[in-house]
Amino acid sequence: TEGRLQFVGYLEQFGLKDVTGIEIVGEKTPYIKHPNDKNWYGTTIPWMSHGYELELTPLQILNLYNTVANDGTMMKPYLVSEIYSEDGETMHFDPKVLKEKIASDYTIKQTQEILKEVVLSGTARKLKSEFFEFAGKTGTARFDYGTNKEEKKYNASFAGYFPADNPVYSCIVVIYE
């Protein structure tokens, strides 16, 4: 049980149990199983390590990649930096730190290298660009469990950031079915 609690504790440390707080109505609270849940099984940790048996929005997943790109500092996502009104008033939005450090510098650097390698020689190698280097991870999730259909249905995704060595932008692409 201690190892299970430690695993879930790391997911919490990475900020995966928290909403991002973005000013968009309807952000869903992430769902991450707890070892005391009645639906915790012997296969839960391996499945969770692949992204199954937990629920996060694409923005919440992207925020984790932003955090890795930002050397472990988790920022609150925002869409605009300023809003100008007709009467000359300006609303300014400053970046806000949600978590100062989600992991050690060593762990973050290792993760950055792994995400670069995914693009150079891994599952995203066909996405590689001759114009700039980027880092990220592909994903595939089956979503029709519990059906007896012969043809399985999947969602595919890629989340990452660029340039790989001095990130400025990040994105997530999700293709449903």
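- Within the 4.5 Å cutoff, no side-chain heavy atoms of M91 are placed close to those of V80.
- Note that CG of N63 is 8.5 Å distant from CD1 of I22, once rounded to the nearest 0.5 Å.
- By the 4.5 Å heavy-atom criterion applied to side chains, L54 and K33 are not counted as neighbours.
- Separation of atoms CE (M75) and OG1 (T20) is listed at 12.5 Å; rounding is to 0.5 Å.
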Compile the donor-acceptor pairs under 3.5 Å between side chains in residues 55-62 and protein atoms, sequence neighbours left out, one pair per line.
residue : atom : partner : partner atom : Å
E55     : OE1  : K28     : NZ           : 2.9
T57     : OG1  : Q60     : N            : 3.1
T57     : OG1  : Q60     : OE1          : 3.3
Q60     : OE1  : T57     : N            : 2.8
Q60     : NE2  : E27     : OE2          : 3.1
Q60     : NE2  : K28     : O            : 2.7

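- Listed by first and then second residue, the ring pair (Phe, Tyr, Trp, His ring centres under 6.0 Å) pairs that reach into residues 107-132 are F132-F162, sequence neighbours excluded.
- Within the structure, every pair that satisfies the salt bridge (Lys or Arg N to Asp or Glu O under 4.0 Å) test and touches residues 126-143, not counting sequence neighbours, is listed here: R142-D144.
- By the side-chain contact (heavy atoms from CB on, under 4.5 Å) test, S121 is found to be paired with E117, residues two or more places apart in sequence or in another chain being considered.
- Interatomic distance, CD of E23 versus NZ of K76, reported as 3.5 Å (0.5 Å rounding).
- Checked against salt bridge (Lys or Arg N to Asp or Glu O under 4.0 Å), D71 has the following partners two or more places apart in sequence or in another chain: K109.
- The salt bridge (Lys or Arg N to Asp or Glu O under 4.0 Å) pairs that include a residue from residues 79-104 are K101-D105, where partners are two or more places apart or lie in different chains.
- Sorted by first and then second residue, the pairs that involve residues 154-167 and meet side-chain hydrogen bond (donor to acceptor under 3.5 Å, both in side chains), not counting sequence neighbours, are K116-D165.
- The cluster map of Ile, Leu, Val, Met, Phe, Trp and Tyr, joined by side-chain heavy atoms under 4.5 Å apart, puts L16 and I45 in the same cluster.
- Across all their heavy atoms, F158 and A124 have their closest contact at CE1-CB, 3.8 Å.
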Check: Under the side chain to side chain contact (heavy atoms under 4.5 Å, CB included) criterion, do F93 and L79 qualify, and how do the steps go?
Finding: CA-CA 9 Å; F93 302 92; L79 300 174; over 6 Å; no

Identify every side-chain donor-acceptor pair in residues 168-177 under 3.5 Å, counting partners at least two apart or on other chains, and give the distances.
residue : atom : partner : partner atom : Å
S170    : OG   : N66     : OD1          : 2.3

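- A salt bridge (Lys or Arg N to Asp or Glu O under 4.0 Å) check over residues 56-66, counting only residues at least two apart or in different chains, returns nothing.
- Identified under the ring pair (Phe, Tyr, Trp, His ring centres under 6.0 Å) test for residues 10-40, with sequence neighbours left out: none.
- When every heavy atom of Y78 is checked against every heavy atom of P95, the shortest pair comes out as OH-CG, 3.5 Å.
- I102 has its side chain within reach of I108: a pair of non-hydrogen atoms, C-beta onward, lies under 4.5 Å apart.
- Looking at heavy atoms from C-beta onward, P35 lies out of side-chain contact with F7 at the 4.5 angstrom threshold.
- Contact annotation: the side chain of M74 never approaches that of D18 to less than 4.5 Å [non-hydrogen atoms, C-beta and beyond].
- Apart from L120 itself, the hydrophobic cluster it occupies contains nothing, where clustering links Ile, Leu, Val, Met, Phe, Trp and Tyr at side-chain heavy-atom distances under 4.5 Å.
- Within the structure, salt bridge (Lys or Arg N to Asp or Glu O under 4.0 Å) contacts touching residues 1-17 (residues at least two apart or in different chains) are E12-K17.
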Check: Where do N39 and Y41 land on the side chain to side chain contact (heavy atoms under 4.5 Å, CB included) test, with the steps shown first?
Finding: CA-CA 6 Å; N39 61 348; Y41 305 105; 3.9 Å; yes

